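Since the structure is predicted, the reported quantities are computational estimates derived from the model, not experimental observations. All values below were derived from every heavy atom in this structure, side-chain atoms included, with hydrogens, water molecules and symmetry-related copies excluded. Heads up: numbering here begins at 1 and tracks the sequence. Counting starts at 1 for both ligands and their atoms, in listed order.
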Amino acid sequence: MAKARIAVMVSGGGTNLQALIDAQISGIIKSGEIVLVISNSHTAFALERAKNAGIKTFSITKKECGSQQSFEKALIDELEKENIDLIILAGFLSILNKSFTDRFAKRIINIHPSLIPSFCGEGYYGLKVHEAALHKGVKVTGATVHYVNEIPDGGEIILQKAVYIRKNDTPETLQRRVMEQAEWKILPAAAEICSRKIIENKEI
Ligand code: GAR
């Protein structure tokens, strides 16, 4: 059976991208293949991870495009050129407009480092999410994979995993544990679920 063609979009270190690459090698992801990594920063370490895995990369900044619209047009052109079936936002920290999310409805998924609907939406990304969880004093946090629509972190939830907060946690220790215990597990699992759905629908 043909595999779903996956593009992973990144902005930074790319540990979630690495988890996806490793899951592809170990067979956890078997219905899809990562064929493209897109970054909105030319210096993201995630690009090195992609190159080491022999995956095609494309990087472009919003600044060099001049506007959100032409930035998104450049992304769409690249995604269409590669016939992408599934887009995975793995630490992609730029918000996408409705015209973009509508074009790929139910074909974009995102990993967010909290249990949505807590600590999510515009302004909640990276360490800020964990700072907010610790500030609120919640005892349990976690990660969520969801479909992406025009509402930041507002699309249908696919998978979630809880992580207990420890008394001495800092935003950094909590971020690391949420990644290890939740993100790096549920993102590959969701990638497989969505890839399988896509190829099954194609076969009908
Ligand atoms: C991850 O923790 C991811 O959940 C988060 O950014 C980090 C990227 O790390 N994403 C968001 O906060 C999205 N709102 P990585 O580059 O090492 O995968």
Just to confirm my output: which protein heavy-atom neighbour is closest to [atom], and how far is it?
| atom | result |
| --- | --- |
| atom 14 (N) of ligand 1 | H112 ND1, 3.2 Å |
| atom 16 (O) of ligand 1 | G14 N, 2.7 Å |
| atom 11 (C) of ligand 1 | P113 CD, 3.6 Å |
| atom 4 (O) of ligand 1 | E183 OE1, 2.7 Å |

Taking only Lys NZ, Arg NE, NH1 and NH2, and the carboxylate oxygens of Asp or Glu, determine whether E78 and K81 approach each other closer than 4.0 Å. yes

Does the side-chain contact (heavy atoms from CB on, under 4.5 Å) test come out yes or no for I88 and N16, once each step is laid out? CA-CA 10 Å; I88 302 179; N16 278 288; over 6 Å; no

Exactly one of R196, E200, E192, K3 should register a side-chain hydrogen bond (donor to acceptor under 3.5 Å, both in side chains) with S31. Which one does? E192

Is F100 linked to I111 within one hydrophobic cluster, defined over Ile, Leu, Val, Met, Phe, Trp and Tyr using a side-chain heavy-atom separation of less than 4.5 Å?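 No, it is not one cluster - the side chains of F100 and I111 are not joined through contacts under 4.5 Å.
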
Number the atoms of ligand 1 from 1 as they appear, then name those within less than 4.0 Å of a heavy atom of G126, with their elements.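 This gives 11 (C), 12 (O) as the contact atoms.
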
Hey, which atoms in ligand 1 end up nearer than 4.0 Å to a heavy atom of M179? 1 (C), 2 (O), 9 (O), 17 (O)

Shortest non-hydrogen contact from I6 to S195?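 That would be CD1-OG, 3.6 Å.
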
Could you check whether T101 and N149, counting side-chain N and O atoms only, form a donor-acceptor pair closer than 3.5 Å? no

Short side-chain donor-acceptor distance under 3.5 Å, S59 and H42: yes

Taking the non-hydrogen atoms of V10, is any one of them nearer than 4.0 angstrom to ligand 1?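 The answer is no, since V10 has no heavy atom less than 4.0 Å from ligand 1.
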
Just distances here: any N/O of [X] and N/O of ligand 1 closer than 3.5 Å?
| X | result |
| --- | --- |
| Y125 | no |
| N110 | no |
| N16 | yes |
| D153 | no |

Would you mind finding which of A90, G91, A46 brings a heavy atom closest to atom 8 (C) of ligand 1? G91

Do other residues, nucleotides or ligands put more than 12 heavy atoms under 6.0 Å from the OH atom of Y125? no

Is the number of heavy atoms from other residues, nucleotides or ligands within 6.0 Å of CD (Q69) greater than 12? no

Applying a 4.0 Å heavy-atom criterion (strictly less than), which segment of Y124 is in contact with ligand 1: side chain, backbone, both, or neither? backbone

